[in-house]
Enquirer: 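Here's a structure for you.
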Amino acid sequence: MIESVLTSSLEKGFVDQAPADFSPFSSAIMLKNQHLSCQLMLRVPADEKGMRVTLTLGGSAAPYAKWYNVRQIPVLFPTYGHDFTDDNYLRKTPGLYPDLLEPPHYRGRIQLTSGVLHSVWITIAPEGKLEAGEHTLTVRITNDKDEELAAHTLTLRMIDASLPEHGMILTQWFHCDCLASYYQVPVFSERHWEIIGNYLRTAVEYGQNMILTPLFTPPLDTEVGGERLTVQLVDVTLNADGSYSFGYDKLDRWVALCHACGMRYFEMSHLFTQWGAAHAPKIVARVNGEEKRIFGWDTDAAGEEYAAFLKAFLPSLVEHLKALGIDQNCKFHLSDEPNGGCVEQYRHAKAVVSEALADYEIMDALSSFDFYRDGLVSLPIPGSDHIEPFLEAGVEGLWTYYCCVQGKGVSNRFIAMPSWRNRALGMQCFKYDIAGFLHWGFNFYNNMYSVDAINPYLDTEGEQQVPAGDSFMVYPAPDGTTLPSIRLMVFREGLEDLAAMKLCAEKKGKAAVVAAMEAVFGDIRFDRCPTTSEQMLFVRAAVDAMLQSACEED
């Protein structure tokens with residue numbers, strides 16, 4: 001005997017649950033180039049012997065479907081605690097949590113242990129190759145004798161329309177040093193470039209279109225006085241007369257690779273240290289024929305020496321970016337997450353770069369409205385739990401971000417959070433015309449302040465630095481490619497929700513789309529997320545119904 005249910009992608013199955021705990025998912029509407037996922041929950045009753053079963057996909061949608069085993073990952077630190085959480089979590093205790101998606105083992109068979117829930121993730125990606133109309137995906141489970149133990153059918157109604165791009169600028173910080181450390185390869189060796197390309201392609205596949213570009217080793221999550229592994233794309237030479245020369249061969253290769261992988265926008269790494277712009281980033285130069293660190297924690301950001309460097313470097317960089325034809329797709333950072341206590345430091349940093357970067361946007365993640373009000377940041381990126389003053393001020397082209405502390409009320413993607421909370425970002429960004437989204441961790445495989453590297457398969461929170469899952473979205477496959485997480489898949493679903501909403505708005509008007517969504521969900525706000533999978537699915541169903549009607553009218 002086997003217990004099973006086909007359920008939505010918004011559920012997460014823990015090992016101590018049963019298939020009966022999840023609502024069946026039997027039909028859906030989708031667009032021709034959409035990704036649609038569901039899950040198969042399987043269990044052999046505790047009083048019966050475990051078995052190995054075979055999963056077979058059939059129906060007209062089967063050629064466009066692939067499946068993964070959902071692996072349970074150890075989580076020691078699911079949340080920060082009461083002050084940073086609410087009731088909209090799946091669990092708040094250490095344990096095994098579903099997150100990693102692995103390719104099939106045993107030539108497509110699945111090992112089931114008695115009394116233990118096993119989850120299978122199934123994604124359908126027709127890429128425009130399925131005609132409009134009705135299609136099916138059948139999921140058949142058989143034993144070693146090819147006897148059918150269970151079968152499920154998902155009915156799909158394909159709309160005669162395709163999703164546009166989601167329309168936001170999306171960056172999730174890309175940490176080149178973590179790839180070199182994890183795979184034990186020299187920085188910017190041929191193998192390192194190959195691995196970087198693999199990770200870039202994954203990022204683009206899941207909706208990212210902007211890349212953090214390490215002009216110099218990014219001064220992010222670094223212990224005061226410490227250093228991260230050097231990943232510097234710009235070659236610097238300190239000449240005998242005190243002037244500087246700059247080489248851009250590695251930056252040129254970076255830009256070419258990013259373009260080849262589908263990246264469109266570039267964010268230049270921060271020109272000052274995190275949380276206040278008090279110091280210079282680590283910068284290595286050739287001095288008298290030898291490589292030497294010339295700036296870092298011991299450099300006062302307000303000092304004349306670093307200001308002179310920036311006044312030499314930035315005009316040279318801008319000229320080179322123009323020659324590459326990408327300067328209008330570039331944005332710059334000063335300091336990540338400055339706070340109210342460092343306004344004057346930040347003001348000085350802005351003054352140093354203002355002339356050279358007068359034609360470019362300065363973007364920084366922050367929570368204080370003062371930085372925008374006082375004209376210090378042209379492109380503020382407030383945390384989603386501090387966005388209200390920026391919305392009320394009508395900031396044009398507003399971005400938002402979330403990270404480790406946005407765990408109460410707002411959308412986020414911690415492993416302990418339900419997937420519907422992850423996916424909610426799409427409808428929130430649609431209603432409020434959010435132009436861009438930033439997150440700090442696409443592949444951060446270090447502990448707090450980057451003192452040590454970690455194994456992300458065993459440590460999902462950077463040795464209890466942040467709630468599990470905050471610091472990375474992909475797992476490092478042994479061959480230098482990536483393995484996806486449930487969070488990555490669902491985040492893309494939210495982006496595709498956003499794209500569907502924008503398409504629907506073109507046909508029906510934005511006000512009508514928002515009204516239809518709020519008729520089934522209620523007021524859409526950044527501090528209000530779904531509390532069940534059905535709520536999120538109903539929102540998307542309302543949009544799909546409008547799209548289907550519009551296509552039939554066309």
Side-chain angles (χ1 to χ4, degrees), residues 7-23 39 41 43 70-101 115-119 121 221 367 383-386 401-425 428 439-441 444-445 447-448 454-473 475 485-491 493-494 525-537:
T7 192
S8 85
S9 62
L10 297 183
E11 304 292 349
K12 291 184 180 180
F14 292 80
V15 293
D16 57 358
Q17 291 184 282
D21 296 336
F22 304 96
S23 300
Q39 292 178 90
M41 304 294 189
R43 189 179 74 163
V70 179
R71 291 299 184 191
Q72 306 285 328
I73 296 297
V75 168
L76 293 177
F77 192 60
T79 74
Y80 273 146
H82 176 73
D83 291 343
F84 293 92
T85 64
D86 52 35
D87 293 333
N88 197 5
Y89 282 73
L90 295 173
R91 300 184 179 188
K92 298 181 182 180
T93 53
L96 293 175
Y97 283 68
D99 191 55
L100 170 63
L101 301 181
V116 174
L117 185 77
H118 186 90
S119 308
W121 185 278
D221 298 282
S367 296
S384 56
D385 57 344
H386 290 84
Y401 82 101
Y402 54 59
C403 65
C404 52
V405 297
Q406 279 77 37
K408 198 168 188 176
V410 296
S411 175
N412 211 317
R413 57 198 196 192
F414 304 151
I415 292 177
M417 281 184 171
S419 288
W420 53 79
R421 192 164 177 173
N422 178 349
R423 187 166 167 178
L425 183 70
Q428 295 166 346
H439 193 276
W440 75 283
F444 183 75
Y445 304 141
N447 61 8
M448 182 179 287
I454 56 100
N455 180 344
Y457 291 94
L458 300 176
D459 183 350
T460 52
E461 54 269 328
E463 294 192 55
Q464 302 185 38
Q465 172 194 8
V466 292
D470 185 46
S471 58
F472 62 86
M473 289 289 271
Y475 290 83
S485 63
I486 287 177
R487 294 167 292 116
L488 182 71
M489 290 282 194
V490 173
F491 188 78
E493 290 182 334
R525 305 191 309 265
F526 276 98
D527 63 354
R528 183 172 181 267
C529 289
T531 55
T532 66
S533 60
E534 287 79 11
Q535 282 184 310
M536 191 68 248
L537 293 173

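What you see below is based on every heavy atom in this structure, not just the backbone, and it leaves out hydrogens, waters and symmetry mates.
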Enquirer: Return the minimal non-hydrogen interatomic distance between Asn88 and Pro530, and the atom names on each side.
Expert: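 Taking every non-hydrogen atom into account, ND2-O, 2.8 Å.
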Enquirer: Are Leu537 and Arg423 close enough, and set up right, to give a side chain to side chain contact (heavy atoms under 4.5 Å, CB included), and what steps lead you there?
Expert: CA-CA 10 Å; Leu537 293 173; Arg423 187 166 167 178; 4.2 Å; yes
Enquirer: Determine, step by step, whether Glu493 and Ser9 satisfy the side chain to side chain contact (heavy atoms under 4.5 Å, CB included) criterion, reporting the C-alpha distance in whole Å, the side-chain angles of both residues, the deciding distance to 0.1 Å, and the verdict.
Expert: CA-CA 9 Å; Glu493 290 182 334; Ser9 62; 2.8 Å; yes
Enquirer: A side-chain contact here means heavy atoms from C-beta on lying under 4.5 Å apart; do Leu96 and Ile73 qualify?
Expert: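 Of all side-chain heavy-atom pairs linking Ile73 with Leu96, none is under 4.5 Å.
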Enquirer: So, does Tyr89 use its side chain to make a donor-acceptor pair with the main chain of Gly407 at under 3.5 Å?
Expert: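 Checked: pair present.
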Enquirer: Nearest 0.5 angstrom please: Lys12 NZ to Met417 CE, how far?
Expert: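 Between atom NZ of Lys12 and atom CE of Met417 there are 9.5 Å.
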Enquirer: Are any of the side-chain heavy atoms of Glu534 and Ser8 separated by less than 4.5 Å?
Expert: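 They are not in contact (no side-chain heavy atoms under 4.5 Å apart), so the answer is no.
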Enquirer: If you measure from CZ on Arg421 to CG on Leu90, what distance do you get to the nearest 0.5 Å?
Expert: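 Atom-to-atom, Arg421:CZ and Leu90:CG are 10.0 Å apart.
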Enquirer: Determine the minimum heavy-atom distance between Ser419 and Ile486, stating which atoms define it.
Expert: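 Minimum heavy-atom contact is OG-CG2, 3.8 Å.
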Enquirer: With sequence neighbours excluded, what pairs up with Arg525 under the side-chain contact (heavy atoms from CB on, under 4.5 Å) test?
Expert: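 side-chain contact (heavy atoms from CB on, under 4.5 Å) check on Arg525 returns Tyr432, Asp523, Asp527, Arg528.
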Enquirer: Apply side-chain hydrogen bond (donor to acceptor under 3.5 Å, both in side chains) to Trp121 and list each qualifying residue two or more places apart in sequence or on a separate chain.
Expert: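 Scan of Trp121 (side-chain hydrogen bond (donor to acceptor under 3.5 Å, both in side chains), adjacent residues dropped) gives Ser37, Thr123.
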Enquirer: Can a donor-acceptor pair be found, under 3.5 Å and without considering hydrogens, that links the side chain of Glu11 to the backbone of Phe22?
Expert: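 A pair under 3.5 Å: no.
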Enquirer: Show me the donor-acceptor pairs, under 3.5 Å and distance only, between side chains in residues 461-469 and residues at least two apart or in other chains.
Expert:
residue	atom	partner	partner atom	Å
Glu461	OE1	Leu76	N	3.4
Glu461	OE1	Phe77	N	3.3
Glu463	OE2	Asn447	ND2	3.1

Enquirer: I'd like to check Thr460 versus Ile415 (side-chain heavy atoms, cut-off strictly below 4.5 Å). Are they in contact?
Expert: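 Thr460 reaches Ile415 side chain to side chain.
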Enquirer: With a 4.5 Å cut-off on side-chain heavy atoms, are Thr79 and Phe84 touching?
Expert: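 Of all side-chain heavy-atom pairs linking Thr79 with Phe84, none is under 4.5 Å.
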Enquirer: Does Tyr97 have any ring-ring contact (aromatic ring centres under 6.0 Å, His included) partners at least two apart in sequence or in another chain, and if so, which?
Expert: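 Tyr97 satisfies ring-ring contact (aromatic ring centres under 6.0 Å, His included) with Phe14 only.
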Enquirer: Let me see the working for Arg487 and Phe472 under side chain to side chain contact (heavy atoms under 4.5 Å, CB included), right down to the final yes or no.
Expert: CA-CA 10 Å; Arg487 294 167 292 116; Phe472 62 86; 4.1 Å; yes
Enquirer: Looking at Pro98 and Gln72, what are the two nearest heavy atoms and their distance?
Expert: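 So the minimum-distance heavy-atom pair works out to N-OE1, 3.2 Å.
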Enquirer: Got a second to check how far Met536's CE is from Thr531's OG1, nearest 0.5 Å?
Expert: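 OG1 of Thr531 is found 12.0 Å from CE of Met536.
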Enquirer: Could you measure the distance from the CZ atom of Arg71 to the CG atom of Asp99? Nearest 0.5 Å is fine.
Expert: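 The CZ atom of Arg71 sits 13.5 Å away from the CG atom of Asp99.
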Enquirer: Within a strict 4.5 Å, meaning less than it, do heavy atoms of the Met448 and Ile454 side chains meet?
Expert: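 Met448 does not reach Ile454 side chain to side chain.
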Enquirer: What verdict does the side chain to side chain contact (heavy atoms under 4.5 Å, CB included) test give for Ser485 and Tyr475, after you've listed the backbone C-alpha separation in whole Å, the side-chain angles of each residue and the deciding distance to 0.1 Å?
Expert: CA-CA 7 Å; Ser485 63; Tyr475 290 83; 4.0 Å; yes
Enquirer: So, for Arg43 and Pro19, which heavy atoms are closest and what is the spacing to 0.1 Å?
Expert: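 Distance-wise, the nearest heavy atoms are CB-CD, 3.8 Å.
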Enquirer: Write out all pairs satisfying side chain to side chain donor-acceptor pair (under 3.5 Å) with one or both partners inside residues 402-418, taking only residues at least two apart or from two chains.
Expert: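 Found Gln172-Arg413, Asp385-Gln406, Arg413-His439.
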Enquirer: What closest approach, in Å, do Gly13 and Leu117 show between heavy atoms, and which atom pair accounts for it?
Expert: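 In this case the closest contact between Gly13 and Leu117 is CA-CD2, 3.6 Å.
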Enquirer: Can you see which heavy atom on Asp86 is nearest to which on Lys92, and at what distance?
Expert: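 For Asp86 versus Lys92, the nearest heavy atoms are O-NZ, 2.6 Å.
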Enquirer: Does any non-hydrogen side-chain atom of Phe414 lie less than 4.5 Å from one of Asp470?
Expert: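 Contact flag for Asp470/Phe414 side chains = yes.
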Enquirer: With no hydrogens and no angle check, is any side-chain donor or acceptor of Arg91 less than 3.5 Å from a backbone partner on Ala416?
Expert: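 Not confirmed, Arg91 side chain does not pair with Ala416 backbone.
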Enquirer: Among all residues two or more places apart in sequence or in another chain, which pass the salt bridge (Lys or Arg N to Asp or Glu O under 4.0 Å) test with Asp459?
Expert: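 By the salt bridge (Lys or Arg N to Asp or Glu O under 4.0 Å) rule, Asp459 matches no residue at all.
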Enquirer: Do the side chain of Ser471 and the main chain of Gly441 share a donor and acceptor less than 3.5 angstrom apart?
Expert: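 Side chain of Ser471 to backbone of Gly441, a donor-acceptor pair under 3.5 Å: no, none is there.
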